[in-house]
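Values reported hereafter were calculated over all heavy atoms of this structure, with side chains retained and with hydrogens, waters and symmetry mates removed.
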Amino acid sequence: MSFSLQDILDMIFSVIKTAGPVDILDILVLSYVVYVVIKLIRETRAGQLIKGILILVIVFVVANWIDMKAISYLLSETLNIGLIALIILFQPELRRMLEKAGYTKIIPWFTSTSIDENVWGKAIDAICDACVEFSATSTGALIVVERQTRLGEQIDNGTILDAIPSKELFGNIFFNKTPLHDGAVIIRDGKIFAAACFLPKPQKEELINKRLGSRHRAAIGMSENSDAIVIVVSEETGSVSVAENGVLQSGFTREKLHQLLSERLITVSGETTINRMARKIPFIQSYKKRKQRKEN
């Protein structure tokens, strides 16, 4: 069965004419789901494969439209079998996608959140002080700050400490003669929860700069698989870097690192996410400034 271009346009217009509010909502939800899926897979190996699948689908539609029966049949069977094969071959990527979807924030967009500054304030100071000392002495260090995503899999292969963080404790852990220095420290709820933890490899390790060592690669891999903030101190150069969402940034000073950790980990009490976003909109900022000037 083949359709002309006019038939396809007529069907589209008929659907638009009969669409109700529920249909529009259905389309918007489906569009958002497709957008999220594309966003999740674009940085994985499956992202390149999806492009090839789309080409096959386009060829199938065109072949079916011009009534090329042999090609349509072959492509139809290939796509049917290929979906099952994709699930088997890309099981790790599908797992990462579901994990990322799992820690996507939904409720916090509409609810106020409050994190006690005393919980993370001391931990942030200890992390920054330790990194400054490690940088000065070129001591390698790898610190993972857990956020929404629980890192139980990494904690299980390390050593549980559950200790209050301090510059001295970090120094003892990462001293190169101690058993715990080879691996990462995981910070949970403002405490050093585990040490000597091994982190996952990056998804696209072959694309990472060859000059980066194993600690930096592990930091990128951990930040790709979770929403954790990973801090790395280079043993060769002493530079402090931070990996977040699969991106590694270098050249952090104590002030810059302290500011980043404070922004990510300490939330102003009673302020919703929507209010925090609204404060960044230029129109609202200018309105509040005019209002303050009038009051003064």
Side-chain angles (χ1 to χ4, degrees), residues 36 38-47 92-105 108 115 120 123-124 127-128 130-131 134-135 140-158 165 170 174 182-235 237 239-253 256-267:
V36 171
I38 293 174
K39 187 177 179 180
L40 289 174
I41 68 173
R42 67 181 180 179
E43 297 298 332
T44 66
R45 290 185 300 148
E93 279 73 15
L94 292 173
R95 179 183 174 184
R96 291 191 189 103
M97 286 169 55
L98 293 175
E99 286 175 349
K100 287 186 177 182
Y103 69 71
T104 300
K105 297 179 182 179
I115 297 177
W120 278 108
I124 292 173
I127 292 170
C128 294
C131 287
F134 293 152
S135 178
L142 184 57
I143 302 172
V144 181
V145 181
E146 184 186 68
R147 299 172 72 190
Q148 296 293 324
T149 307
R150 290 297 179 183
L151 308 178
E153 186 176 347
Q154 285 72 40
I155 289 172
D156 289 341
N157 62 47
F170 280 118
F174 288 110
D182 190 15
V185 162
I186 294 181
I187 311 293
R188 172 183 284 183
D189 298 329
K191 290 186 176 182
I192 299 178
F193 195 79
C197 301
F198 292 97
L199 307 183
K201 292 181 179 181
Q203 296 175 16
K204 295 183 178 180
E205 192 170 7
E206 67 278 1
L207 300 180
I208 297 176
N209 193 325
K210 303 296 183 183
R211 291 179 295 177
L212 294 178
S214 57
R215 286 192 180 90
H216 294 82
R217 293 172 182 270
I220 295 172
M222 187 73 265
S223 67
E224 286 177 341
N225 286 273
S226 70
D227 63 342
I229 300 172
V230 190
I231 305 158
V232 191
V233 181
S234 173
E235 191 173 354
T237 64
S239 66
V240 180
S241 305
V242 174
E244 188 178 10
N245 297 322
V247 178
L248 183 72
Q249 293 182 323
S250 303
F252 277 82
T253 61
K256 189 176 178 182
L257 180 61
H258 193 283
Q259 181 181 359
L260 183 141
L261 293 176
S262 299
E263 290 175 354
R264 299 292 190 274
L265 301 174
I266 300 176
T267 307

**OP:** For Ser241, enumerate each residue passing the side-chain hydrogen bond (donor to acceptor under 3.5 Å, both in side chains) test, keeping only those at least two apart in sequence or located in another chain.
**Re:** Ser250
Original post:
Excluding sequence neighbours, so at least two apart, what forms side-chain hydrogen bond (donor to acceptor under 3.5 Å, both in side chains) with Thr253?
Top reply: none
Original post:
Residues two or more places apart in sequence or in another chain: which of them pass side chain to side chain contact (heavy atoms under 4.5 Å, CB included) with Cys128?
Top reply: Ile124, Arg254, Leu257, His258, Leu261
**OP:** Using the test side chain to side chain contact (heavy atoms under 4.5 Å, CB included), find all partners of Ala219 that sit at least two apart in sequence or belong to another chain.
**Re:** Leu142, Val230, Val232, Ala243
Subject >> Side chain to side chain, Cys197 and Val144, heavy atoms closer than 4.5 Å >> reply: no
Subject >> Min side-chain heavy-atom separation Met222-Leu151 under 4.5 Å >> reply: yes
Original post:
Going by heavy atoms in the side chains, are Gln249 and Lys256 under 4.5 Å from each other?
Top reply: no
Original post:
Only one of Val145, Leu248, Ile229, Val247 clears side chain to side chain contact (heavy atoms under 4.5 Å, CB included) with Val242; which?
Top reply: Ile229
Original post:
Is a donor on one side and an acceptor on the other found under 3.5 Å between the side chain of Ser223 and the backbone of Ile220?
Top reply: yes
**OP:** Would you sort out whether Phe170 and Ile143 count as a side-chain contact (heavy atoms from CB on, under 4.5 Å), showing the intermediate values?
**Re:** CA-CA 9 Å; Phe170 280 118; Ile143 302 172; 3.9 Å; yes
Original post:
By side chain to side chain contact (heavy atoms under 4.5 Å, CB included), which residues pair with Asp189, not counting sequence neighbours?
Top reply: Arg150
Subject >> Interatomic spacing from CD in Glu224 to NZ in Lys201 - rounded to 0.5 Å >> reply: 13.5 Å
Original post:
Under 3.5 Å, side chain of Arg215 to main-chain N/O of Ser234, donor-acceptor pair present?
Top reply: no
Original post:
Which residues pass the side-chain hydrogen bond (donor to acceptor under 3.5 Å, both in side chains) test with Ser239, sequence neighbours left out?
Top reply: Thr237
Original post:
So, do Gln154 and Pro200 sit near enough that their side-chain heavy atoms are less than 4.5 Å apart?
Top reply: yes
